[in-house]
Number of protein chains: 4
Amino acid sequence: MKKDTRDLLLEVALELFATKGYHATKVSDVVKKAGVAQGTFYWYFESKEEIVLKIMAEGRKKLLEVVHSGYRKEEGNIRDMVDSSKRLMKKLLSFASNNRNLMILLLLKGQGGDEKLRNAISETLVAIEKEFANNIQRAIELQMLEDRDCVEFQAQMLTSLVTGTISRWLFGPMHELNYQPSLSIDKVVDEMVRYEFFGLIGQGGRQ
Amino acid sequence: MKKDTRDLLLEVALELFATKGYHATKVSDVVKKAGVAQGTFYWYFESKEEIVLKIMAEGRKKLLEVVHSGYRKEEGNIRDMVDSSKRLMKKLLSFASNNRNLMILLLLKGQGGDEKLRNAISETLVAIEKEFANNIQRAIELQMLEDRDCVEFQAQMLTSLVTGTISRWLFGPMHELNYQPSLSIDKVVDEMVRYEFFGLIGQGGRQ
Amino acid sequence: MKKDTRDLLLEVALELFATKGYHATKVSDVVKKAGVAQGTFYWYFESKEEIVLKIMAEGRKKLLEVVHSGYRKEEGNIRDMVDSSKRLMKKLLSFASNNRNLMILLLLKGQGGDEKLRNAISETLVAIEKEFANNIQRAIELQMLEDRDCVEFQAQMLTSLVTGTISRWLFGPMHELNYQPSLSIDKVVDEMVRYEFFGLIGQGGRQ
Amino acid sequence: MKKDTRDLLLEVALELFATKGYHATKVSDVVKKAGVAQGTFYWYFESKEEIVLKIMAEGRKKLLEVVHSGYRKEEGNIRDMVDSSKRLMKKLLSFASNNRNLMILLLLKGQGGDEKLRNAISETLVAIEKEFANNIQRAIELQMLEDRDCVEFQAQMLTSLVTGTISRWLFGPMHELNYQPSLSIDKVVDEMVRYEFFGLIGQGGRQ
DNA sequence: TATGAATGAGCGTTCATTCAT
DNA sequence: CATGAATGAACGCTCATTCAT
C-alpha cells in the first residue's frame, strides 16, 4: 500500500509550512523530506504557491464542513441555542486539535505570505463568518436574539473570538508548535460559549 | 527642517512592510523610496530584520501605553466598568485608526515572517492580554464580576475579540489596505463593549 | 567524454586562485570560465571556502604521498642516505613542477586567506615536517647522524629549506606565475641535498 | 605627549593586519581601535593599500638595516665566518622577536593580498637574499667557501632557511599569534648557523 | 512517472572611499 | 585637522523552476 506521491507531498509540505513557515520552507526541503527528486514536485504541482493554495483550499473545505454541519436547524429556546453552539464549538475544537498543522497555516503562519495566500486565508474566515451570520440571523428571526441591526458585525466578533481562542488554546501565548493545551476541550467550550452569549458578566451577573 | 534619515527609513520601511509584506519588501525598495543609497540603510540598521524588530518594538510600546492608560482605577458599579471599558476601546480604536500600517504589521502581515518577527508579535499580544487580565482580576476582587477561575482564559478571549475586531473593522473582510471602515468608532465601541460584557444575548436578552 | 562538472570547477577554481589569489577570485569568475551558471557552483560546493579547502586537502594528500613514498627504508651509509634524499627531492620537485597552481596556493597565495585556509596550509607543512623528522630520527638511530637533541627543529629547518627553495625555484624571486625555472631539476636537487647534509661548507670544505 | 595620529594609525593597522590579516581588517576596524573618525584615516593615507605598503616599506628598511649591519667585514677563517654569521642571526632573531607583528605581515599574512602587497614582500626577500649573496661571494673570494658557481641559489636557500626558521620559531607550527617560542635565541642561532655551514651531517659527521 | 543536474535572476550585505561641515 | 554620515559598486549566496534523460 504505497503512499500516493502526490498526497505524500501535500502532507509533508503542510507539515513543513506549519513548522517553518511558508517562506522559510524550500521546495528542496519538501522533496528531501518526502524522499523524492526535485523534479517530481513539479510533475504534481505547478509551483510552490500552487501546493500551498491546494492545501489551504482542501483545509478550508473540511473546516467549513465542520462549521456547516454544526448547527442544529430547529432551535427552540435559548438553552437549545446554547447547546447547539456548544456542539458546534466542540466539533470545531476537535477538528482544530486533530489538524494542528492546518490550523497553524490558516490562523498563524500563512498571513505573511503572498497576496494569494493571504486571500485564501481571508476567504476562509469570511466563509466562517458567513455561517455564523446565518445562524445569528436565524436566531433573530426566531426572536431568540435582539435585532441590533449589525448581524455581520456580530458574526465577525464571534469569528474573532472563536479563531483567536482556538489558536491561543492550541498553541499557547507564544504560538509554540508543540504547546500542550492546558484546558480540556469541554472547559474551553463551556467558557467560550458562555462568553459568546453572555459576555464577561455572565448569566448571573449583578446588574 | 530636514527629516532625520533614520526616522525616514523607519517610516518608509513600515509603510512598505505594511503594503507589500516583510518578505516581499526589498531593502532596495526601502532605500529607493527614501531616496538614499543602499549603504545608508546599513549605517543605521544592522539588517533588514533589525529594522522590522525596531519598528515593532516601538509600536508595541506605544500600543501598550494606550492600553495601560486606558482603564480608570476606581470603578464603582457595572456601568462604571462598562464606561471605563468603552473609554479604553475608543482610545484603542483611535490609535489603530491613526496607525494603520503598524496595525497591519502587528495583526496581519507580520505573522508569516521569521521566528523573531513572530515572537515580537506574540509578545505584544501577551502584553495586552496581561493588561486585560489585570483588569478582569480587579473587577472580580471588587465583586463586579463572578470569579469563574479562569481569568487568563477570559483575558485571552477578550484579546481575541478586540484584536480581531480591530483588524476586521480597519481592513475589511479581505484585509484590504485601503479599506474604508463602514462603521463609526462609536458604533464599534458600543457593540464591542456590549459584547464584551453581555455577549450575544445582551443586557435585555430574554432568557 | 564530457568532463565532469565538479572536476571542471575544481580545476578552474585552482587555476584562478593561483593566478589571482583567493580573495580576488570571484565565484562568478570561476563559473564564467567553467562555462556554467552561478547556481551550478553551489550544487557542488557549499561555499567558496569549501572549494578551496577541498582543493587544498586533495593537494595535501597527493603531496604527502610523494613525500611519504620518497625515502628508501634501509639506508646503509651516508651515501645511501644522500642518494635517498636526492630521490625524494627529485620526486618532490617533479611533483611541484607538474602542479604549479597547487604549489602557488600552498606555498604563496593561500597565506593571506581566512583562518581555515591558513590552517590548512599550516597543517600541510606540519605533515611534511613530521615526515622529515621521522627520517632524521631513523638516521640518528642508525648512527648516521649525530643526535643533537633537536630533531624537530632540524626537521623544521629542512622543511623551510625545501619549501622555500621550491617556491623560489619555480616562481623566481618575484613570485611570477609564468616564471621559467632557470636551473634544471637535477642541479637544484644536487645543490639542495648537498646543502641539506653539508651546509655551505660542503663535504670538502676546508676547516 | 599626545601620540601622533598618523603613527597611531600605523601602529594600530599593523597590529590588526597581523592579527586578522590584511583583507579581514576593515578600515573601520582600524579607526575604531585608534579612536578616530573614518575620515581621519583618509587625511593621512590615500587608501588602505597605501598604509600597508607604508608599513611594509618601513619594516623592510629596518629589517635590512639589521641584515646589512650584521656581518663583520674582515673575516679571517671559518671560525670567524661562523661567529660573524651567529652575530647576524642573533640580531635578526632579536629584531624578529621584537617586531612580531611586522614579521607576521612580512612572512605570513601578507602573501595573500593584492599584487602590490605581494611584490612588496618579494622585494624584501630579494633584498635579504642579495645581502646574503654578497656575503657568500666575499667568502668565496676569500677562499673560505668553495665556488660552486651558484651563489645566488645558495643565497636563496639560506634565505629560505632563515625566514622559514624564524617564522616557525616565533609562531609555532600552526602560526599562532600568541605562540611562545620554546627554544632560546641562542639555541636557535647555534643550530641554524651550524646547519647553515655544515648541514645535517655537521662538523663531525662521519663521512 | 521520476530523476537530479543545471539555471539565473535576484537579494541582503559589505566596505573602501568621499565630502560637506 | 577632524568628523561621521552618505555613497554605490560589488560579491556571495539562494532557491524556485526547467529539462534532458
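Each chain gets a letter, A, B and so on, in the order its sequence line appears, and its residues count up from 1.
Closest approach to the B:A37 side chain among E:dG10, F:dT7, F:dA16 is made by F:dT7 (side chain taken as heavy atoms from C-beta onward). Of the candidates E:dT17, F:dG12, E:dG4, the closest approach to any side-chain atom of D:K48 belongs to E:dT17. When the nucleotides F:dC13, F:dC1, F:dT3 are ranked by their closest atom to the side chain of D:W43, F:dC1 comes out on top.
Between D:L8 and D:V12, the closest side-chain pair of non-hydrogen atoms falls below 4.5 Å. Counting heavy atoms from C-beta on, the side chains of C:T19 and C:E15 come closer than 4.5 Å.
Contact check, A:T5 against E:dA2: a side-chain N or O comes under 4.0 Å of OP1 or OP2.
Atom NE2 of D:H23 is separated from atom P of E:dT14 by 17 Å (rounded to the nearest Å). The separation between D:Q38 atom CD and E:dT18 atom C1' is 11 Å, rounded to whole Å. Per the geometry, NZ belonging to A:K20 stands 13 Å off C1' belonging to F:dT14, to the nearest Å. Going from atom CZ of D:R6 over to atom C1' of F:dA2 covers 17 Å, rounded to whole Å. Computed from coordinates, the B:Y44 OH to E:dC15 P distance equals 20 Å when rounded to whole Å. Rounded to whole angstrom, the span from the NZ atom of D:K32 across to the P atom of F:dT3 amounts to 15 Å. Taking atom OH on C:Y42 and atom P on E:dG10, their separation rounds to 18 Å, with Å as the unit. In this structure, A:E49 places its CD atom 17 Å from P of F:dC15, rounding to the nearest Å.
Heavy atoms of D:F45 sit nowhere under 4.0 angstrom from any nucleic acid atom.
The nearest heavy atom of DNA chain F to C:S28 and to B:G35 marks one nucleotide each, and the one closer to the 5' end goes with B:G35. Comparing A:F41 and B:Y22 by the nucleotide of DNA chain E whose heavy atom lies nearest to each, the residue mapping closer to the 5' end is A:F41. A residue-by-residue look at A:G39 and B:T40 shows that A:G39 has its nearest nucleotide of DNA chain E further toward the 5' end.
In this structure, A:K62 does not pair ionically with A:E58, as no charged nitrogen and carboxylate oxygen lie closer than 4.0 Å. Between C:E115 and D:K20 there is no salt bridge, since no side-chain N of the basic residue sits under 4.0 Å from a carboxylate O of the acidic one.
Heavy atoms from other residues, nucleotides or ligands lying under 6.0 Å from CG of D:N178 number 12 at most. Within a 6.0 Å sphere centred on CD of B:E50, other residues, nucleotides and ligands contribute more than 12 heavy atoms.
Look at the C1' atom in both F:dT21 and E:dT1: the space between them is 13 Å, to the nearest Å.
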Legend entry - Watson-Crick and G-U pairing of DNA chain F, under 3.5 Å, as dot-bracket with | and [ ]: .||||||||||||||||||||
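You'll find the ring centres of D:F171 and D:Y179 outside the 6.0 Å limit.
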